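Residue numbers run from 1 in the order of the sequence given. Small disclaimer: the values here were computed from a predicted structure and weren't measured.
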Amino acid sequence: MKLKSLTIAIALAATSASTFAADKEEGFYIGAFGDYYDASWKNMRAQAGLDVNESTGWGAEVGYRFSDYWSARLEYADMDFNAFDKVAGNRDNIDGERYGIDALYHLDGGPFYGLFGIKEIDVVDDNTFLNAGVGYQYFITDGLFVNAETAVYQGLDKGYTDVGAKIGINYLFGQNAAPAEPVQPAPEVVEVAVVPADSDNDNILDADDQCPNTPMEDAVDGTGCTLYEDREVTTSLLVTFPHDSAEVGAQYFTDIASVSEFLKEHTDTTVLLEGHASAVGNANYNKILSKKRADDVAKELVKDGIDEDRITTVGLGEERLKNTANTKAAHAENRRVEAHVKSIERVKVKR
């Protein structure tokens, strides 16, 4: 039929997309749905005097969530149309089937989405339709979600204009990012034993002193040279957000600039921005929102001259509440982005 080669191409494209680096919200999903289709096809050419009306049925779909905003799916529906034969004067049911592809755009990465696609409906004869509509998803768990949608179908072969609706249940197979490697502790400082008096008073005899006239405030090693140690230095960042917002407030620009200066001074360091949300609302939506908060703080660091490849962002949603109380103050404390940056400096050991 007309769409078989196209659906096979889309399936292969979705399979190749499995190598796309994804967060929990991205991955393959499968589902089943109940279907209602309101048709009004008069005097179909394939069978004179036949009117085809509404249909109820069921279906299955398989899709892939490419990002917070886009997904695609293949759909099949088994349909049972109510038909009236005006020549024979009787009413009967006619079996049909629908299959095709849809692209879905998730508004702001949230539960509402718009859709558009192309379908083939086989009943009496084949009819090709373009369809567009809207829908809503609700996650019951991290992977299991239900959805409801409605769409308008516009026929390309005969000019029919129909309306359809469906309610389904789906399961999303997500992916998890690998944990960051822990920072290794700084090595211990080796103290130099005190040696009797010498000309530069560094406790190393002149005969053994390879670095004469070392500053009095410097500790020295066994050769009389200035001793250095690796010392851990840190900086932290805390940015809070209003309810259901990912926009960084102007009052935090100075704190972000301070972290930028630290990163510029320690060019071998990277920063992990952890986005968090309060426990108010849908957990899946909050996880997406927390990732956006971390991404917006990252944009400010980039504006300050920090390379993007030195910045990692993660959205933890409600997983690490700072304050578990069910109060406005606790929720405000939990809506945040945190960062803790560490570096090792080679510094002189003082006496």
**OP:** Could I get the full list of side chain to side chain contact (heavy atoms under 4.5 Å, CB included) partners for T267, not counting sequence neighbours?
**Re:** none
Original post:
CD of E247 to NZ of K292: how many Å apart, nearest 0.5 Å?
Top reply: 13.0 Å
**OP:** Can you tell me which residue pairs pass the ring-ring contact (aromatic ring centres under 6.0 Å, His included) test with a partner in residues 213-257, sequence neighbours excluded?
**Re:** none
**OP:** Please list, chain by chain and in numerical order, all residues satisfying side chain to side chain contact (heavy atoms under 4.5 Å, CB included) with A325, sequence neighbours excluded.
**Re:** N323, T327, A330
Original post:
Given I256 and L237, is the side chain to side chain contact (heavy atoms under 4.5 Å, CB included) satisfied, shown in steps?
Top reply: CA-CA 7 Å; I256 294 173; L237 178 65; 4.1 Å; yes
Original post:
Residues two or more places apart in sequence or in another chain: which of them pass side chain to side chain contact (heavy atoms under 4.5 Å, CB included) with K264?
Top reply: E261, I306
**OP:** Would you please name every residue forming a ring pair (Phe, Tyr, Trp, His ring centres under 6.0 Å) with F116, sequence neighbours left out?
**Re:** none
Original post:
Would you say the side chains of N170 and N147 form a donor-acceptor pair under 3.5 Å?
Top reply: yes
**OP:** Give every residue pair that meets the disulfide (SG to SG under 2.5 Å) criterion with at least one member in residues 210-243, sequence neighbours excluded.
**Re:** C211-C225
**OP:** Flag the pair D208 / T223 as yes when at least one side-chain heavy-atom distance between them is below 4.5 Å, and no otherwise.
**Re:** no
May I have the list of side-chain donor-acceptor pairs in residues 309-320 shorter than 3.5 Å, sequence neighbours left out?
residue: R310; atom: NE; partner: T269; partner atom: O; Å: 3.0
residue: R310; atom: NH1; partner: L263; partner atom: O; Å: 3.3
residue: R310; atom: NH2; partner: L263; partner atom: O; Å: 2.8
residue: R310; atom: NH2; partner: H266; partner atom: O; Å: 3.0
residue: R310; atom: NH2; partner: T269; partner atom: O; Å: 2.9
residue: R310; atom: NH2; partner: T269; partner atom: OG1; Å: 3.3
residue: T313; atom: OG1; partner: K291; partner atom: NZ; Å: 3.3
residue: T313; atom: OG1; partner: D295; partner atom: OD1; Å: 2.7
residue: E318; atom: OE2; partner: N286; partner atom: ND2; Å: 2.7
residue: E319; atom: OE2; partner: K287; partner atom: NZ; Å: 3.0

Subject >> Heavy-atom check, side chain of H276 versus side chain of N334, under 4.5 Å >> reply: no
Report all side-chain donor-acceptor pairs from residues 55-62 shorter than 3.5 Å, counting only partners two or more places apart or in another chain.
residue: S55; atom: OG; partner: D80; partner atom: N; Å: 3.2
residue: E61; atom: OE1; partner: K166; partner atom: NZ; Å: 2.9

**OP:** Just say parallel, tilted or perpendicular for the rings of Y153 and Y37, cut-offs at 30° and 60°.
**Re:** perpendicular
**OP:** Enumerate the residue pairs fulfilling ring-ring contact (aromatic ring centres under 6.0 Å, His included) with a member in residues 123-148, sequence neighbours excluded, ordered by first and then second residue.
**Re:** Y29-F145, F112-Y136, F139-F145
Original post:
What residue among D122, I94, V123, I121 forms side-chain contact (heavy atoms from CB on, under 4.5 Å) with M79?
Top reply: I121
Original post:
Who pairs with F81 by ring pair (Phe, Tyr, Trp, His ring centres under 6.0 Å), at least two apart in sequence or on another chain?
Top reply: W41
Original post:
What residues, two or more places apart in sequence or in another chain, satisfy side chain to side chain donor-acceptor pair (under 3.5 Å) together with S278?
Top reply: none
Subject >> F173 and F28 aromatic centres sub-6.0 Å >> reply: no
**OP:** Report the residues that fulfil side chain to side chain contact (heavy atoms under 4.5 Å, CB included) with T161, sequence neighbours left out, ordered by chain and then residue number.
**Re:** V152, Q154
